[in-house]
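Right, one structure below, let's go through it.
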Amino acid sequence: MMFRVIDTETCGLQGGVVEVASVDVINGQIVNPMSDLTLPDRPISRQAMAVHRITEAMVAGKPTIEEAIPRYYGSAFYVAHNASFDRRMLPEMYGEWICTMQLARQLWPGIKYGNQALRHSLKLDVTPPADLHAHRALYDCYVTAALLIRIMETSGWSASEMIVRSQPAAQRDDILPFGKYRGQAIAVIARKDPGYLKWVLNNVSDLRPPLRQALNKYLSESQ
């Protein structure tokens, strides 16, 4: 089974892709690196440039993201750290998406979830390209790929389960979407801090009915 880990660098939070890259994870190995600088549809903000250090001169004359992206097609599974952002930045990608940030929140509660923070806190075994740095797309792909491998080794989750678990917490009924346990499984919270869930039930008036039902269910099972 092959997972294509993909990352973009942009002109800012609103878009304008200046770089796209990917690596493939096959049988626990990181292979097939690809990367392209791309000509954005807007100026690169100073804030973004200070992070990824990609300048207007570096992208001058490069293909647009629409021209560059077809060679990244062809995977059944795309993986990104904060996948909702990268998916929004890219033209249509025909495949299922997995978000390593969402999965890390569920496996390792109470730590920082940035790519580099997870690399160091989990002591990931990864060697990104020596000529790049954090916040360049290919460099970040290597870190995300190592994180994906660790997630699969730790959890034993199948691809289909990772896809379901990658959905934003607000769209799932078994994950608490707010508060001090945001992004964590309600079943786990019910075991370790049932009082907090009882407080949520009694004080948060606008809970979605399926979420309220899940809170009651897991509290009942934990007693």
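Heads up: numbering here begins at 1 and tracks the sequence.
- Residues that satisfy the side chain to side chain donor-acceptor pair (under 3.5 Å) test with Gln47, not counting sequence neighbours, are absent from this structure.
- A search for salt bridge (charged side-chain N to carboxylate O under 4.0 Å, His left out) contacts involving Glu161 returns Arg165, not counting sequence neighbours.
- Ser45 is linked by a side chain to side chain donor-acceptor pair (under 3.5 Å) to nothing, counting only residues two or more places apart in sequence or in another chain.
- Hydrophobic clustering, with ILVMFWY side chains joined whenever heavy atoms are under 4.5 angstrom apart, keeps Val79 apart from Val17.
- Note that the CD1 atom of Ile6 and the CG atom of Leu138 stand 11.5 Å from one another [nearest 0.5 Å].
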Residue pair Tyr142, Thr127: steps toward the side-chain contact (heavy atoms from CB on, under 4.5 Å) verdict: CA-CA 7 Å; Tyr142 273 87; Thr127 306; over 6 Å; no
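- Atoms CD1 and CD, from Ile149 and Gln29 in turn, are 7.0 Å apart once rounded to the nearest 0.5 Å.
- Hydrophobic clustering of Ile, Leu, Val, Met, Phe, Trp and Tyr side chains at less than 4.5 Å, counting indirect connections, unites Tyr181 with Phe178.
- Listed by chain and number, the residues in a side chain to side chain donor-acceptor pair (under 3.5 Å) with Arg150 amount to none (sequence neighbours excluded).
- Scored by the salt bridge (charged side-chain N to carboxylate O under 4.0 Å, His left out) test, Arg71 finds Asp36 as partners (sequence neighbours excluded).
- Between atom OG1 of residue Thr100 and atom CG of residue Leu147 there is a gap of 5.0 Å, rounded to the nearest 0.5 Å.
- Every residue meeting the salt bridge (charged side-chain N to carboxylate O under 4.0 Å, His left out) condition with Glu19, not counting sequence neighbours, appears here in chain and number order: Arg136.
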Working for side-chain contact (heavy atoms from CB on, under 4.5 Å), residues Met93 and Ile69: CA-CA 9 Å; Met93 306 289 284; Ile69 199 64; 3.7 Å; yes
